[in-house]
Amino acid sequence: MQYSFNLKKSRQTIKLALIAATLVILAGCFPSNDLGREEYLLQGRTMGTTYNIKVVGENIDTEKLQQGIDAKLVKLNQEMSTYIKDSELSIFNQSTSLEPVKVSEGLGRVINEAIRLGELSEGALDVTVGPLVNLWGFGPEYRPETVPSKELLAATKSRIGLDKLTFEHGMLSKNIPDLYVDLSTIAKGYGVDLVAEFVEANGINNYLVEIGGEMRIKGFKHTGELWHVAIEKPVNNERSVHQIIIPKDNAVATSGDYRIYFEADGQRFSHIIDPNTGKPINHKLVSVTVIHPSSMTADGLSTAMMVMGEDKAIAFAEAHDLAVYIIAKTEHGFVEQSTVKFMQYLK
Ligand code: ADP
Ligand code: MG
């Protein structure tokens with residue numbers, strides 16, 4: 001049995017592109033086997049998308065486990081969802097005070113990584129890009145589906161930048177009153193890490209955790225085999241495997257500009273914004289897949305490299321010794337490249 005799910009689920013009325021580079025789990029059914037292990041599937045919803053969690057073991061109390069997982073995810077959303085008006089992050093965004101505020105451990109952890117990855121990627125990943133995301137119609141606000149004017153773009157651009165956000169000793173502050181922080185690019189990955197940690201804390205060391213396409217795996221399937229993940233071909237009207245990978249005890253994240261976008265005047269606009277131009281990215285990169293121990297890091301890095309474009313992305317990945325696989329669209333079809341570190345995971 002092949003079990004598959006979409007990499008990204010739309011949050012709003014988002015046009016779904018026909019092209020899909022979906023990750024497919026080549027895992028199997030759920031009977032117990034000679035090893036005496038069983039594979040349990042837990043499914044639910046969080047962050048405007050679905051989660052799929054597989055745990056392998058003996059006599060796992062899945063109801064109790066899922067309750068614990070759901071509680072963690074509810075707490076996460078209450079900390080950092082921009083779709084929840086009274087979340088901790090929404091309250092910080094709405095406040096015009098420049099005074100530092102103490103933030104929860106969870107929010108602090110994500111902010112910290114967001115800033116670190118922002119600096120590492122020289123601003124390609126910028127969690128203050130929210131006003132631009134909203135301007136182009138991809139945030140929780142009204143969706144205009146039109147191209148904004150130069151003036152509005154410049155005014156909005158002046159409100160973004162990681163230099164306007166400070167996180168020190170658990171205290172968060174902004175230096176302009178209307179800074180808006182949008183963590184949606186790494187929050188799902190963080191959710192995956194949180195669930196994986198919780199599953200492990202419950203003594204389970206063989207699992208697969210997936211939230212909205214972000215994935216982290218450990219150990220073995222109930223059959224004793226390593227987990228296999230497939231990157232699907234990014235082509236129309238066909239679902240076939242592009243590349244099978246064996247990520248071992250790691251997270252896998254894929255960023256792609258083909259899935260969530262809008263069209264105006266025949267041009268397609270991605271939901272990923274280049275903070276340098278203030279505009280949706282516009283290049284030949286179709287998807288970036290990152291394998292890394294942390295799902296949050298993989299998630300952020302995949303988006304950052306998507307912003308960079310293919311040449312910069314590969315150079316960045318090699319320079320930082322990252323396991324990265326990219327697919328670019330050329331006149332001659334799709335061309336893929338992988339870094340040296342990624343090769344060990346190719347089947
Ligand atoms: P993908 O999997 O394609 O990377 P994500 O959902 O992880 O997509 O991240 C894209 C989201 O992050 C956008 O919907 C937007 O809210 C936000 N975003 C867009 N551009 C950037 C950027 N340059 N830096 C940080 N966040 C961004
Ligand atoms: Mg991402």
Side-chain angles (χ1 to χ4, degrees), residues 1-17 20-25 27 30 39-56 60-90 104 106-107 109-110 133 138-141 143 182-202 204 207-218 227 229 232 251-256 259-261 271 294-296 298-300 302-303:
M1 188 184 86
Q2 210 184 58
Y3 173 65
S4 68
F5 46 80
N6 282 336
L7 234 189
K8 290 284 167 279
K9 288 272 153 53
S10 57
R11 273 184 290 251
Q12 305 166 278
T13 47
I14 286 162
K15 284 179 192 166
L16 292 180
T22 311
L23 291 182
V24 181
I25 307 292
F30 310 90
E39 191 170 291
Y40 305 87
L41 174 65
L42 313 179
Q43 291 178 302
R45 293 196 65 83
T46 185
M47 292 184 254
T49 185
T50 55
Y51 70 71
N52 293 274
I53 297 160
K54 287 183 177 187
V55 288
V56 178
I60 296 174
D61 184 346
T62 50
E63 208 171 304
K64 192 170 151 251
L65 187 69
Q66 190 157 15
Q67 276 170 9
I69 289 168
D70 284 337
K72 290 257 172 216
L73 293 171
V74 166
K75 184 164 171 275
L76 181 157
N77 276 281
Q78 197 54 44
E79 285 168 352
M80 59 198 80
S81 171
T82 48
Y83 289 80
I84 298 175
K85 288 283 165 269
D86 66 351
S87 74
E88 199 184 347
L89 184 61
S90 287
S104 64
L107 183 56
R109 222 175 125 184
V110 178
V133 174
F138 295 103
E141 287 175 21
R143 184 176 182 74
D182 170 10
L183 296 174
S184 55
T185 189
I186 62 171
K188 270 180 288 169
Y190 171 66
V192 168
D193 285 331
L194 211 59
V195 171
E197 285 164 16
F198 181 75
V199 165
E200 276 186 48
N202 278 271
I204 299 162
Y207 60 80
L208 179 152
V209 174
E210 178 268 340
I211 302 176
E214 304 307 332
M215 195 185 294
R216 181 166 146 180
I217 61 185
K218 188 172 183 187
W227 300 99
V229 172
E232 225 174 58
V252 189
T254 297
S255 176
R259 199 170 286 271
I260 301 174
Y261 65 89
H271 72 304
S294 156
S295 180
M296 172 161 58
D299 195 2
S302 64
T303 305

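Because only heavy atoms are used, hydrogens play no part in the values below, and waters and symmetry mates are left out as well, while side chains stay in.
- Under the rule for a salt bridge (Lys or Arg N to Asp or Glu O under 4.0 Å), the partners of K218 that lie at least two apart in sequence or sit in another chain are E200.
- The shortest heavy-atom contact between M296 and I186 is O-CG2, 3.8 Å.
- Here the side chain of S295 pairs no donor or acceptor atom with the backbone of A251 at under 3.5 angstrom.
- Using a 4.5 Å heavy-atom cutoff, the side chains of E210 and V229 are not in contact.
- With sequence neighbours excluded, the residues satisfying side chain to side chain contact (heavy atoms under 4.5 Å, CB included) with E88 are E79, V103, S104, L107.
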If you apply the rule side chain to side chain contact (heavy atoms under 4.5 Å, CB included), what do you find for R216 with Y207, and how did you get there? CA-CA 8 Å; R216 181 166 146 180; Y207 60 80; 3.9 Å; yes
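- Between F198 and V209 there is no side-chain heavy-atom pair separated by less than 4.5 Å.
- With rounding to the nearest 0.5 Å, the separation of NZ in K72 from CD in Q67 is 14.5 Å.
- Here the side chain of D182 pairs a donor or acceptor atom with the backbone of S184 at under 3.5 angstrom.
- Atoms OG1 and CD1, on T46 and I69 in that order, are 11.0 Å from each other to the nearest 0.5 Å.
- Between the side chain of Q78 and the backbone N or O of D86, at least one donor-acceptor pair lies under 3.5 Å.
- Side-chain atoms of S90 come within 3.5 Å of backbone atoms of I84 as a donor-acceptor pair (strictly under, hydrogens ignored).
- Judged purely by distance below 3.5 Å, without hydrogens or angles, the side chains of Y51 and Q66 pair a donor atom with an acceptor atom.
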For Y40 and I204, run side chain to side chain contact (heavy atoms under 4.5 Å, CB included): C-alpha distance rounded to whole Å, both residues' side-chain angles, the deciding distance at 0.1 Å, then the answer. CA-CA 12 Å; Y40 305 87; I204 299 162; over 6 Å; no
Apply side chain to side chain contact (heavy atoms under 4.5 Å, CB included) to L73 and I211, showing your working. CA-CA 11 Å; L73 293 171; I211 302 176; 4.0 Å; yes
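- Across all their heavy atoms, S294 and D193 have their closest contact at OG-OD2, 3.2 Å.
- Between the side chain of D299 and the backbone N or O of A253, no donor-acceptor pair lies under 3.5 Å.
- In terms of heavy-atom proximity, V195 sits nearest to I53 at CG1-CD1, 3.7 Å.
- Taking CE of M47 as the start and NZ of K188 as the end, the distance is 8.0 Å to the nearest 0.5 Å.
- Among all heavy-atom pairs drawn from T254 and S302, the shortest one is C-OG, 4.2 Å.
- Taking both residues in full, the closest heavy atoms of S87 and S81 are given as OG-O, 2.6 Å, listed atom of the first, atom of the second, then distance.
- Counting heavy atoms from C-beta outward, M215 and V192 have side chains that stay 4.5 Å or more apart.
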Does R109 form a side chain to side chain contact (heavy atoms under 4.5 Å, CB included) with L194? I'd like the steps, not just the answer. CA-CA 11 Å; R109 222 175 125 184; L194 211 59; 4.1 Å; yes
